[in-house]
Amino acid sequence: MTEPRPLSPRTLAAQALGRIDESTRAIVPPIHLATTFERDPDNLYRSGNVYGRPDNQTVRDAEAVIGALEGAAATLVYGSGMSAAIALFLSLGPGAHVIAPGVMYWALRAWLANEAPAFGVSVDFVETEDLPALARAVQPGATRLVWLETPSNPLWGVSDIESAARIAHAAGAALAVDSTCATPILTRPIALGADVVMHSATKYLNGHSDVIAGALCFASDDALSARARKIRHSHGLILHPFEAFLLTRGLRTLDLRVRAASDNAMELASRLSNHGAVSAVLYPGLPHHPGHAVARRQMKGGFGGMLSIRVRGGAETAVATAARVRLWKRATSLGGVESLIEHRASIEGAGSPCPPDLLRLSAGIEDVEDLWRDIDDALTG
Ligand code: PLP
């Protein structure tokens, strides 16, 4: 007998792994709000449920789906992307050396630069797209973790996960990837050698701009994942069950949403490349993008829904352009069904590597012609 073909990510997500609630036969799992659970008469907790801070069944439901999509041995959902990422850095323990990208999600970069040293974690920032520079920066025996973000906010640089994993492992370090913008639909970092995948589940995984959540997915359930679980438990970083339910609901359409957003971003990036008011389009799907060849290798089925444009005329023109959109929403964040536009330097403030004339676009799933007309009108004035 031949082995059955494994179910595709789209199928797994659409059915949230097909779990049926045992007591009601409901095809949508219930939300478990209880914070405390009855002991068995012999004083044991055979259900595995003790208290709501360490764990919760609705959270485990979301973890099971995310873990299946990433091919992870252990998955932990947190109350935000930041708390997930910080739990991982704290799991390394004092004395750890970490390499992080020069350009990455700004608030996490700020935490690494300003707060991590107080926890005994030292950080060097390196252009992780530049593999020889990465190889020079790792310190064998001292570097515990190499952190990548790909494609990375807000310039959309692409780091080569497979090669970075080789460099990290040769130095005795683990490789973690913030895969928020690639999503498991387009890139599966664990299959490329990563040890940990992090998501701001606030973005594509949930996809509806109504949940703040994060996730860590581990290639093996080892001492590092145990430590990250312990930190979630003791620091009280777990996601609320209602939000975990919404996250699982959002995950069911992840495949459709990511592909639609990616297609829209690709089309918009191509058209914007020929727009007179735009001096540059930053999108890994464009052949001239410096990370295009790597992106073609490690992103399957699209280049993601995120792009940035540089507007001729500088910061003032960029802000004025964002002021003129009607359909796109002027807002921070990304990865929702609705398209967002943001003057990124305004939010990142002093020290941002973001050019002042840059607008970051999160393509949603709307009709691309509607999106194009609106942005074209805004750019044309
Ligand atoms: N990583 C990336 C790439 C992000 O864009 C964000 C948020 O914008 C985060 C991490 C942090 O996630 P959260 O806002 O869920 O804490």
Side-chain angles (χ1 to χ4, degrees), residues 59 62 66 70 76-90 100-113 115-116 128-129 147-159 161 176-184 186-187 189 194 196-217 228 231-232 235-240 243-244 246-247 250-251 258 261 265 282 284 299 303-308 329 331-336 338 340-349 352-354 358 360-364:
V59 171
I66 297 168
E70 288 290 3
L76 295 168
V77 159
Y78 290 78
S80 68
M82 280 294 279
S83 60
I86 290 171
L88 183 67
F89 290 114
L90 296 183
V103 179
M104 60 181 288
Y105 173 56
W106 69 286
L108 185 55
R109 189 183 196 285
W111 185 85
L112 286 169
E115 307 288 338
T128 52
E129 294 90 342
W147 181 270
L148 303 182
E149 178 182 324
T150 183
S152 67
N153 242 310
L155 308 181
W156 313 115
V158 177
S159 293
I161 297 171
V177 180
D178 180 341
S179 198
T180 297
C181 294
T183 83
L186 305 179
T187 304
V196 190
V197 182
M198 176 263 165
H199 286 281
S200 166
T202 310
K203 317 299 182 194
Y204 291 97
L205 298 190
N206 175 61
H208 294 76
S209 308
D210 54 9
V211 169
I212 298 284
L216 293 177
C217 309
I231 286 171
R232 182 180 76 172
H235 294 217
L237 303 177
I238 200 165
L239 187 65
H240 188 273
E243 291 175 323
L246 287 178
L247 174 55
L251 282 163
V258 168
L282 286 57
M299 301 184 81
F303 298 93
M306 296 304 300
L307 65 151
S308 295
K329 300 290 174 265
T332 196
S333 200
L334 58 99
E338 62 286 301
L340 305 179
I341 185 166
E342 183 177 37
H343 181 248
R344 197 62 205 163
S346 305
I347 196 158
E348 296 195 8
S352 163
C354 187
L358 182 140
R360 187 181 80 174
L361 310 183
S362 171

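Indexing begins at 1, ligand by ligand and atom by atom, following the structure's order.
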**Request:** Apply salt bridge (Lys or Arg N to Asp or Glu O under 4.0 Å) to Arg109 and list each qualifying residue two or more places apart in sequence or on a separate chain.
**Result:** none

**Fill in**
For ligand 1, protein residues within the heavy-atom limit of under 4.0 Å are Ser80, Gly81, Met82, Tyr105, Glu149, Asn153, Asp178, Thr180, Met198, Ser200, Thr202, Lys203, Ala213, Leu334

**Message:** For Trp147, give me all partners under ring pair (Phe, Tyr, Trp, His ring centres under 6.0 Å), at least two apart in sequence or on another chain.
**Reply:** Phe89

**Prompt:** Okay, side chain of Thr180, backbone of His199: is any donor-acceptor separation there less than 3.5 Å?
**Reply:** no

**Asked** How about Glu129 and Ser159: does a side-chain donor come under 3.5 Å of a side-chain acceptor?
**Response** no

**Which residues share a side-chain hydrogen bond (donor to acceptor under 3.5 Å, both in side chains) with Thr183, sequence neighbours left out** = none

**Prompt:** Would you call Glu338 and Lys329 a salt bridge, using N to O less than 4.0 angstrom?
**Reply:** no

